[in-house]
Amino acid sequence: MQRYNPKDIEPKWQKIWDSEGTYTADLKSDKPKYIAMSMFNYPSGAGIHIGHAMNYTISDVKARFKRQQGYESYHPVGWDAFGLPAENYAIKAGVSPQESMATIIPDYHKQYKAMGWSNDWEKEISTHLPEYYKWSQWIFVQMHKHGLAYQDSRMQWFCEQCQTVLANEQVIDGKCWRHDGPDDPLVQKKEVKQWFFKITDYADELLDAIDDLDWSESVKLAQKNWIGRSEGAEISWQVCDQEGRTERASFETFTTRKDTLPGVMFIVIAPESPLLDDLTTAEHKAEVNKYREESALLGEVERQENKTKTGVFTGKYAKNPFNDQLVPIYVASYVLGGYGTGVVMGMPGHDLRDREFALQHKLPVVLTTAVAKEYEDLNSLDVWTGAGKQVNSGQGFDGLSNKEAGDKIFDQVHKAGQAKPKVNYKMRDWSVSRQRYWGAPIPIIDCPKCGAVLVPEKDLPVILPELDDYAPSGDGRSALARAKDWLTVECPKCGGPAERETDTLDTYIDSSWYMYRYFDPRNLHEIFDKQLVQKWEPIDFYNGADHATAHLLYARFIARFFKKLGLVKEAEPFKQFLFNGKVTASDGRMFSKSKGNGVDPLEIIAQGYGADALRTYMMFAAPLELWTKWDPQGVPGTHRWLSRVWNLVNEYIDQPSADVPQETQAEINRALHAMIKKMTEGLEHNRYNTAIAATMTATNDFYKLKTKHFGKSEVWQKALEGLVACIAPLAPHMSDELWHLLGHSASVHHDSWPKHDEKYLIQDKVTIAVQVNGKLRGEVQVPTGADEDTVVKSAKANEKVASHLKDQTIRKTIYVPGKLVNFVV
RNA sequence: GGGCGAGUGGCGGAAUUGGUAUACGCGCACGACUCAAAAUCGUGUUCCUUACGGAUUGUGGGUUCAAGUCCCACCUCGCCCACCA
């Protein structure tokens, strides 16, 4: 008998699957459809790591399970090829990113195949190819045409040394990621003109649909918080001088605590607010301007670490629309310009930040909600933000609950035309401009006469030209600013001389619609065939360990936009999403090349354990949502189990035929069907670890049963086929080998999933636990379906139970059918 | 600071949602095979106790015939967001 040797059988089957197109999905098939996929890969050149191995195996197992169940199952593959790391790699290595992708991606092909993933390679996509990014640009054009794309100037991080704009994630501890030495300066904010997608138009829709999603709860919550809807009121304030004479200027503030309006002691405006000048007197101008400049230079990190509530007085006042009280207006950096109106009413009685500010600037504090004793010291930093009785607000308000008082206060101010209901969101519009080379050029032509003009659809794609130097141009624009030939064009509107936009599209655009392109990857005439996509959408199963907000929110946004365009029918692109855990080193830290604590999946395969054992271990170690620590003993352990299965089947093949008595047959069938049941339910509900445990239990059972009667027989044949089929999603290579050994000529990977039958699980006897006062005192065997009297009688007859019941009066007997009896004495 | 989640053997983790706690795997120990080792097969393995027996799901309390599971308070750890008015 041959020993289990993955090194032989794995490459053998990979070749066969490849040449037979085992995993090619027929998108026009009449079978029920299923698509399982993981977030596609960013090809960095480092090859796959254990995190990839984890992610892609999860969806691969799912796709295989469904394929075996008879679905037309599609497990697509693609590459999120645009982006900064590839560009920086190209700058360093002196090759074009196009060239480096051309060598990196084929390398990944080998690695994916070595993992035994059932990808459909015919339909592979990559976002950096013109055939793909043409449609990313097309989306921009459609957004623009529907009024959902606009241009605006916003503050952005800027590195003086690189002379370029930085993305948030390129700012590390307040410094540029490439200039983070002790002598390097902090990054600064600079105003940059950029394109935005109006995702905020969809804020409510995106929020409301979250509850119904079959997604990991943590992601649903993260999205809710990210959208950050909050309901409140917008209050109008009249600006006054110090004598209370009204001036022309006015402004609004947003609040969720209408009841605190009587307790407003001051107004605070964000330094970046355009209103600031109007709210500043001539004599305070110099001081305010100085403060504004200082806070603009302040790094975000400094602002976070140093939460001191700095600020200066602007010299002006505002009149409280509720009680006409005059309150001073301050400028302070703790107020965010981008949220609400950028102006805040300071209610130091019930807001911690306002309280800190008031104490620091010696401003009075008044409570409007009666609070518990320990909060009465107005000089402490404790703040009561909870509910209570209204106080200090005048007749008709005091004594009400603060909620009721708030509504009444709002009504009064509302009638005076000084307040209205308002909903605010934390979510901002999606900035889609990147001042970088390696992305899809934004299809815009800047004409000195006509302004920003869309590239006509017939001229798409705007091809990204190859350059000699990919480093940013130095003036805040991408390397494309140096591509003079490419840059200069005629304006599509007036025909005059114009220049192309040098920004490229955020790569999140590429990844927000790729799932649809999987169904029609080579279409040159339209983004995809609507009918095909509508047959296959939504994605049945999607998983990943990152991007809880950005990517998944953008994809939902684009899906809604596509629905509006009539391209898709479903507003939600992903029916089910599993936010799986990551694998860390045994010390709990992240694996990383620089720490030298990496685990290389390909190395594990090469050591002789094989992809099947690696895959099985990763799926078995813990529930999929949990973060797991890498256990170096784990893969050898699953390899041992696979060997046991291998040996069992091979031993069977060599046996002569045998008569298996009914009783043993029943035991074999019970073990088999219990396994099928648990495995089917486990894979269906993403509880892989316990499902795998059930197949191990069945293996152990079969080992015990084979010592009784073993040999060629229908019952053993079916049992081993069932075992092999159930293992196939996890260990596809070994399973196909064993499946063929068991006499099949077709692959195990199609239409082979066994069905369990409850009738085999019924036993003629059941074990009943017997408790006395809730403590386990014995067990009795009774016939299945025995009535209560019979069970209680035999429970009392049990020796140990009887000794505990001796000289006791049974006050109560609890009987749980088929489970236990509890005597209360 | 806010939100979410989790604390079960030496370790990763099970427990049909209130009904026999510790499935399955790792590790460890012992045995078989072997001149020997590896591999394989088998047995055992929560803790205390020679035993009888007792204790046990982070800690303390509660509800219940019965609590890992439900309720209250506390402790510890992890993750995400973080001056969002």
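The model shown is predicted, which means the values in this text are computed figures rather than measured ones. Scope of the values below: all heavy atoms of this structure, side chains included, with no hydrogens, waters or symmetry mates. Lettering of chains follows the sequences in order, A, B, ..., and the numbering in each one begins at 1.
Environment of OH in A:Tyr609: sparse, with no more than 12 heavy atoms of neighbouring residues, nucleotides or ligands closer than 6.0 Å.
The salt bridge (charged side-chain N to carboxylate O under 4.0 Å, His left out) check on A:Arg640 picks up nothing, with sequence neighbours excluded. In this structure A:Glu684 satisfies the side-chain contact (heavy atoms from CB on, under 4.5 Å) test together with A:Phe65, A:Lys66, A:Gln69, sequence neighbours excluded. Under the rule for a side-chain contact (heavy atoms from CB on, under 4.5 Å), the partners of A:Asn5 that lie at least two apart in sequence or sit in another chain are A:Lys7, A:Asp8. With sequence neighbours excluded, no residue satisfies ring-ring contact (aromatic ring centres under 6.0 Å, His included) with A:Phe579. Contacts of A:Val766 classified as side-chain contact (heavy atoms from CB on, under 4.5 Å), with partners at least two apart in sequence or in another chain: A:Ile768, A:Val782, A:Thr784. For A:Glu252, the side-chain contact (heavy atoms from CB on, under 4.5 Å) partners are A:Glu234, A:Ser236, A:Thr341, not counting sequence neighbours.
Comment: A:Glu681 does not engage A:Arg687 in a salt bridge, judged by the lack of any side-chain N to carboxylate O separation of less than 4.0 angstrom. Taking 4.0 Å as the cut-off between side-chain N and carboxylate O, A:Glu231 and A:Arg229 count as a salt-bridged pair. Salt-bridge check for A:Asp351 with A:Arg257: failed, with every basic side-chain N at 4.0 Å or more from each acidic carboxylate O. Looking at A:Lys708 and A:Glu667, a side-chain N of the basic residue comes within less than 4.0 Å of a carboxylate O on the acidic one, giving a salt bridge. Classification of A:Asp211 and A:Lys220 as a salt-bridged pair fails, no side-chain N sitting under 4.0 Å from a carboxylate O.
Across all strands shown, A:Met345 has no heavy atoms under 4.0 Å from either base or sugar-phosphate atoms. Backbone-only contact: A:Asn689 has heavy atoms under 4.0 Å from sugar-phosphate atoms and none from a base. No engagement by A:Tyr617 is indicated, since no non-hydrogen atom pair under 4.0 Å with the nucleic acid exists.
Heavy-atom distances to RNA chain B give each of A:Phe823 and A:Thr628 a nearest nucleotide, and the one nearer the 5′ end belongs to A:Thr628. Residues A:Phe254 and A:Asn773 both approach RNA chain B. Their nearest nucleotides, taken by heavy-atom distance, put A:Asn773 toward the 5′ side.
Ring geometry for A:Tyr4 versus A:Trp646: interplanar angle of 30 to 60°, hence tilted.
Nucleotide B:rG42 has B:rC30 as its partner under the Watson-Crick or G-U criteria, with both atom distances under 3.5 Å. B:rU56 is unpaired under the criterion used here, namely a Watson-Crick or G-U wobble arrangement in which both key atom distances are under 3.5 Å. Across all strands shown, B:rU50 remains unpaired; no Watson-Crick or G-U wobble contact has both distances below 3.5 Å. In this structure, B:rA66 forms no base pair with any nucleotide, since neither Watson-Crick nor G-U wobble geometry is met with both distances under 3.5 Å. Across all strands shown, B:rA21 forms no Watson-Crick or G-U wobble pair with both key distances under 3.5 Å. The nucleotide B:rU76 finds its pairing partner in B:rA6, both defining distances of the Watson-Crick or G-U wobble pair being shorter than 3.5 Å. In this structure B:rA37 sits in no base pair that meets the Watson-Crick or G-U test at under 3.5 Å.
Taking atom CG of A:Leu552 as the reference point, atom C1' of B:rC81 lies 16 Å away to the nearest angstrom. In this structure, NZ of A:Lys706 is placed 14 Å from P of B:rU40, rounded to the nearest angstrom.
Base orientation of B:rU22: anti, the glycosidic angle falling outside 90° of 0. Taking the syn range as angles within 90° of 0, the glycosidic angle of B:rG62 is outside it, so the base is anti.
The two residues A:Tyr339 and A:Tyr425 come nearest to each other via the heavy atoms CE1-O, 3.4 Å.
Between the base of B:rC83 and the side chain of A:Lys309 there is a donor-acceptor pair shorter than 3.5 Å.
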Please write out each protein N/O paired with an N/O of nucleotides 19-22 of chain B under 3.5 Å, distance rounded to 0.1 Å.
| from | atom 1 | to | atom 2 | distance (Å) |
| --- | --- | --- | --- | --- |
| B:rU20 | O2 | A:Glu779 | OE2 | 2.7 |
| B:rU20 | N3 | A:Glu779 | OE2 | 3.4 |

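Listed by first and then second residue, the ring pair (Phe, Tyr, Trp, His ring centres under 6.0 Å) pairs that reach into residues 214-234 of chain A are A:Trp215-A:Phe577, sequence neighbours excluded. Identified under the salt bridge (charged side-chain N to carboxylate O under 4.0 Å, His left out) test for residues 765-788 of chain A, with sequence neighbours left out: none.
Contact check of residues 631-641 of chain A against RNA chain B (heavy atom, cut-off under 4.0 Å) returns A:Asp631, A:Gln633, A:Gly637, A:Arg640. Using a 4.0 Å cut-off on heavy atoms, the residues of residues 693-702 of chain A that approach RNA chain B are A:Ala693, A:Met696, A:Thr697, A:Asn700, listed by number.
For the C1' atoms, the distance from B:rU63 to B:rU8 is 23 Å, rounded to whole Å. Nucleotides B:rG58 and B:rG13 place their P atoms 14 Å apart, quoted to the nearest Å. For the P atoms, the distance from B:rA15 to B:rC24 is 13 Å, rounded to whole Å.
For A:Thr256, taking side-chain heavy atoms from C-beta onward, the closest of the listed nucleotides B:rG3, B:rC83, B:rA85 is B:rA85.
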Original post:
For every nucleotide of nucleotides 47-57 of chain B, 5' to 3': is a protein heavy atom under 4.0 Å from its base (B), only from its sugar-phosphate (S), or from neither (-)?
Top reply: -------SS--
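In this structure, A:Thr253 does not reach the B:rA85 phosphate: none of its side-chain N or O atoms is under 4.0 Å from OP1 or OP2. At the phosphate of B:rC41, OP1 or OP2 sits under 4.0 Å from a side-chain N or O atom of A:Arg644.
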